[in-house]
J.: 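This is the structure I want to talk about, given as structure tokens.
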Amino acid sequence: MADAPARPLLSAAAIWRVADLLRGGMEPVEYGPVILAFTMLRRLELSRARPACWLDAVACAPDPVGRLDRLIARLPASVRDILSHLEVMPLARRLARTGRLAAMAAHFAALDLSPDRYGSEAMARLFEELVHHFSTSQRTGAHFTPPEVTDLMVDLVFAPDGPGTHHALYDPAAGTGALLGRAADRLLARGVTVDLFGQEIGSRACALCRADMLLRGHAPGHIASGDTLAHDGHAGRRFARMLSNPPFGLDWRHIRDTIQAEHARGNAGRFAPGLPRVSDGSMLFMLHLVAHMRGRRAGGARIGVVTHGAALSGGGPESGESAIRRYLVDQSLIDTIIALPTDMFVNTGIATYVWILDNNRPAARRDRVRLVDATGLWQRAPSGSGEKRREMTPAHIAAVVQACMVDTAMDIIRCDGTDGTPESWQVLAHNAPAPDGARDGRRIAFSRILPGREFLYHSLTVMRPARDGAPARTAFRVGMEHDPQAWFSQMIQPYDPEARLDTGRTGIGCAISFARYFSHDAPARPLAEIEADLRQSMAQLVALMPDGDDAEPE
């Protein structure tokens, strides 16, 4: 079923009418759970083969709370479990004690949330917005996955799969299921089917995700509840395809002991390669996904995961982040990294990236990594998109996919408008001549394919004798093509004979820098144009001086 055009499902007026019904009988912090619970009840009753009238019956009953209790008791166990996690009955009893339950049921019974009017993705978006709008922990680093980012990951992760293919698809940070649901819909249109699996830490979000699975015909029990990093709800299971947008900047100090204990298990655990700083556990999710990859002999696995910029280069050479990146490079797991436009995610404007990991690449590609700079492919988001200011169109996504499907570096010829929005673009091979008609655009790098080893570097520490205190220590990053001692002998020792190389501090780090391969500098202006601007400015300055009208700039 195709989704209807997106529009507000619960308008601000409708939400405040609910607040009017609740005011004085419940605390404002309880408004959100009530709205979620009754929205879910309304959606469930309208999604049945023969739509039910549960809420109408509750609104008209002499004993509304008893009527609701009896209705829920007749529902399947899987539905009762979902409503239990949403605390429907405790909330209903609170409402009944203040005489508001019947009015609340009548209010939601009048809302048309039927699947014919609002598709599954639109409802998933509504649930996510409600969960985050009323959550007391809005700044947890969790962000809605833009639909176009989901589409991009689906197209790349499932690129090898044709019609008739069936896979298990897993998301360890499932939220309310919007990413999994959109992925399943997009794949079904291509003739690819998936069994959906996931895990979610928030009890209400997990309940809504399970409800979405139920309404889609998937097993709600495949969505585990709890903290994925501390307690793996799918331990021992391997997946062929995985997609995730884990929280950015997740603090994991509250589960530090559990994470460190699993790290100490080495290859028997999920976090053997390294542990990132406790203030940002997003790379733990990446290791978790890698641990769940189906083995190469069984056909391998592909992963699409969203990260922020710190995952590429955060931390020094001895940090856990660097160790994790080096592990991914050494194991030849990184297929592609795509830099996305900024301001695409609601609530954050930071730089974001899509990583595609693959443990079964062709031998010719196994030790190489593709970088794609898609930061310039965007259009302004509609004014009703909240804090999301930019979006990618299907044409933008197609250009990125095109660059990812060829084994050669690609350039892009882009013509930008006055506000920086690309008005037109053309993707072509790096060594191909510019076609006729593309002379006015600016040609810049779009994708580059590089040896993974290029991201590794020697971390060298040079010590100098003490001068008024402790010995001076300077750290250098040196390419892997250099022998550390030879580099020191050539670059440092001739100019500072007293310096020495601290071999005990020599290490190997790993960092991925887009700036090294993609330049966004504007082309130099013609000299004649600069001179003309200078003459005009000088003339304006002279005119401001006393007797300036009679002066002539030299």
Side-chain angles (χ1 to χ4, degrees), residues 9-10 14-15 17-23 25-48 51-115 118 120 123-124 126-136 175-177 200-216 220-221 223 225-226:
L9 299 180
L10 285 179
I15 290 176
R17 281 199 299 274
V18 174
D20 289 339
L21 292 172
L22 296 174
R23 190 172 292 115
M26 303 187 83
E27 295 296 324
V29 72
E30 296 176 294
Y31 295 177
V34 169
I35 291 173
L36 277 172
F38 279 84
T39 301
M40 189 73 253
L41 277 171
R42 181 60 173 159
R43 179 64 167 188
L44 284 172
E45 69 177 9
L46 293 178
S47 298
R48 296 164 63 92
C53 299
W54 303 334
L55 293 178
D56 266 334
V58 170
C60 299
D63 176 18
V65 71
R67 184 61 182 270
L68 180 60
D69 197 14
R70 290 190 295 273
L71 284 169
I72 291 176
R74 295 200 296 266
L75 295 174
S78 57
V79 180
R80 295 200 307 271
D81 177 70
I82 292 167
L83 298 179
S84 173
H85 280 86
L86 291 175
E87 302 179 347
V88 169
M89 285 312 302
L91 291 169
R93 294 187 184 97
R94 289 285 311 279
L95 290 168
R97 284 197 294 271
T98 59
R100 289 170 168 80
L101 177 57
M104 183 63 56
H107 176 82
F108 276 88
L111 293 177
D112 183 2
L113 303 182
S114 62
Y118 298 110
S120 55
M123 283 303 302
L126 169 66
F127 288 141
E128 284 207 8
E129 290 168 10
L130 289 176
V131 167
H132 288 272
H133 180 75
F134 292 109
S135 172
T136 58
T176 62
E200 170 54 35
I201 189 172
S203 59
R204 291 192 180 97
C206 182
L208 295 171
C209 186
R210 287 173 174 172
D212 188 54
M213 296 302 106
L214 183 72
L215 297 175
R216 290 174 176 276
I223 307 300
S225 178

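Below, each value reflects all heavy atoms present in this structure, side chains not excepted, and no hydrogens, waters or symmetry copies. The shown structure was predicted, so the numbers you read here are calculated from the model rather than taken from an experiment.
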J.: Are any of the side-chain heavy atoms of T98 and L22 separated by less than 4.5 Å?
T.: no
J.: How far apart are the closest heavy atoms of I82 and A207, and which atoms are they?
T.: CG2-O, 3.4 Å
J.: With sequence neighbours left out, write down each residue that passes salt bridge (Lys or Arg N to Asp or Glu O under 4.0 Å) with R94, or none if nothing qualifies.
T.: E30
J.: Taking the side chain as C-beta and beyond, is there a heavy-atom pair between L44 and L83 under 4.5 Å?
T.: yes
J.: Just by distance, do the side chain of R100 and the backbone of R23 share a donor-acceptor pair under 3.5 Å?
T.: yes
J.: For E45 and W54, which heavy atoms make the closest approach, and how far apart are they?
T.: OE1-N, 2.7 Å
J.: Do you know the tightest heavy-atom contact between L86 and R204?
T.: CD2-O, 4.0 Å
J.: Nearest 0.5 angstrom please: M104 CE to L41 CG, how far?
T.: 12.0 Å
J.: Answer whether the closest heavy-atom distance between the side chains of L68 and V88 falls below 4.5 Å.
T.: yes
J.: Which value, rounded to the nearest 0.5 Å, describes the distance between L75 atom CG and R48 atom CZ?
T.: 7.0 Å
J.: Which distance, rounded to the nearest 0.5 Å, do you find between the OG1 of T39 and the CG of L111?
T.: 7.5 Å
J.: Taking salt bridge (Lys or Arg N to Asp or Glu O under 4.0 Å) as the test, write out the residues that go with R43, two or more places apart.
T.: none
J.: Is there a side-chain contact between D69 and R93 (heavy atoms, below 4.5 Å)?
T.: yes
J.: With sequence neighbours left out, write down each residue that passes side chain to side chain contact (heavy atoms under 4.5 Å, CB included) with D56, or none if nothing qualifies.
T.: C53, A109
J.: Could you pull out the closest heavy-atom pair between R210 and D81, with the gap in Å?
T.: NH1-OD2, 3.1 Å
J.: Per the side-chain contact (heavy atoms from CB on, under 4.5 Å) rule, which among L113, L55, V58 passes with F108?
T.: L55
J.: Can you give me the closest heavy-atom contact between L36 and L208, atom names plus distance?
T.: CD2-CD1, 3.7 Å
J.: Once rounded to the nearest 0.5 Å, what's the spacing between atom CG of L215 and atom CG of L46?
T.: 10.5 Å
J.: Could you pull out the closest heavy-atom pair between C209 and G175, with the gap in Å?
T.: CB-O, 3.4 Å
